[in-house]
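Start at 1 and go down the list; that is how both ligands and their atoms are numbered. Just so you know, residue 1 is the first one in the sequence shown, and it goes up from there.
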Amino acid sequence: MLNKFQTLYRHIIEEERKIPEATGQLSDLLGDIALACKVISLEVNRAGLIDILGMTGTQNVQGEEVKKLDDYANTLLTRIMRLGGHTCAICSEEEESFVPIDEKYCDFSHKYIVHFDPLDGSSNIDANISIGTIFSIYRRVSTKGPGTIEDCLQTGLKQVAAGYVVYGSSTIMVYTAGKGVHGFTLDPSVGEFLLSYGNMTIPKKSKTYSTNEGNYSKWSEGVKKYIDYLKSKDSKTDRPYSSRYVGSLVADFHRNLLYGGIFLYPADEKNKNGKLRLMYEANPLAMIVEQAGGRASSGTKRILEIAPESLHQRTPLIIGSEEDVLMAEKFIKDN
Ligand code: AHM
Ligand code: MG
């Protein structure tokens, strides 16, 4: 049975205590991220009431329009990470390059690098549809001073922790520090994340797929055939599958984590490497899904093994229930 009153911070500390050489810094860093997300959650909930919606008129480095809440979430997370004193560099989907922490404050105690997508699914903000924050933490490889690009460009396998917060009908934070996946629901009356899902596991096989099927004509033969397969009738394999697509990765992923499902954002004619970002979206969710017993692939390669070449690198992403992802990979390989 769940201990209903286990707070996120207490849970994190207890997990870190199990590691003899732990200093408590990772707990503090995760606590800082949770604090920033609580504030973002407040702003998301107030967004319809205050004049924060609408465009800033600027574009992010991917050439997409930036909304005010994205800016807000990005600035807040960066500020809290900087003040927290545990990071030597911060990488954000909204920033062109990484942000090194000023050398005069940066010593061996600043041993972590944080990557985040401050507000994922931001095209859904105006419609009051779930959006989220995704984060990922690496240990630095350099030994002192501000973080370097080598610190920031590590493979997903090197993540020490990853997580996301979904701002939906309630605000939920899900994280892993390499020992299972745990979910916490924000109790707004006390301002605490309380354990609501201990040791989450994703069903091995599902009957739900999530993809932007409007891209069908631009997909490769393998992807087209896989989706056709999911839609055709066969009682032995529980087909046809149901289709569920929010268009907010965090929301689609969270639903699939709870109930089972496969999410696909494959490469297409226009987006040769897919749309989603390896460092900010694919790697953290891949770590979580693997910890929960699922699988994450580009179609031909395990996401966590892809060597990053740039911070904003994109990758096709197929993620979710293990047997479903394996089947999608088979269709891609055979076609
Ligand atoms: P964002 O980080 O700029 O919000 O973009 C990523 C989003 C994901 O949340 C979502 O899965 C995908 O883009 C939706 O893309 P599309 O509208 O092409 O289906
Ligand atoms: Mg995103």
Only N/O/S atoms count here: what is the atom of [X] closest to the Mg ion (ligand 2) called?
X      : value
Asp120 : OD1
Asp117 : OD2
Glu281 : OE2

- Task: Looking only at distances, please establish whether an N/O atom of ligand 1 is found under 3.5 Å from an N/O atom of Leu276.
- Result: no

- Item | Under 3.5 Å: N/O of Ser123 near N/O of ligand 1 | no

Hey, which atoms in ligand 1 end up nearer than 4.0 Å to a heavy atom of [X]?
X      : result
Ser122 : 4 (O)
Glu281 : 2 (O), 6 (C)
Gly121 : 1 (P), 4 (O), 9 (O)

With heavy atoms under 4.0 Å as the rule, classify the contact between [X] and ligand 1 as side chain, backbone, both or neither.
X      : value
Asn215 : neither
Asn212 : side chain
Ser248 : backbone
Phe263 : side chain

- Query: Are any of the side-chain heavy atoms of Tyr164 and Asp120 separated by less than 4.5 Å?
  - Reply: no

- Message: Using heavy atoms and a 4.0 Å limit, tell me yes or no: is Tyr280 in contact with ligand 1?
- Response: no

- Item | Sidechain-backbone polar pair: Asp151 side chain, Ser142 backbone, donor-acceptor under 3.5 Å | yes

Does the side chain of [X] pick up a donor-acceptor pair with the side chain of [Y] at under 3.5 Å?
X      : Y      : answer
Ser210 : Asn256 : yes
Tyr226 : Asp324 : no
Glu16  : Ser27  : yes

- Can you figure out which of Glu93, Glu94, Lys275, Glu213 has its heavy atom closest to atom 17 (O) of ligand 1? Lys275

- Task: Please say which of Glu329, Glu290, Glu323 ends up in a salt bridge (Lys or Arg N to Asp or Glu O under 4.0 Å) with Arg295.
- Result: Glu329

- Query: Below 4.0 angstrom, N of the basic side chain to O of the carboxylate: do Glu15 and Lys179 qualify?
  - Reply: no

- Proximity of Tyr280 and His312 rings by center, below 6.0 Å: yes

- Message: Please tell me whether His11 and Phe193 form a close aromatic pair, meaning their ring centres lie under 6.0 Å apart.
- Response: no

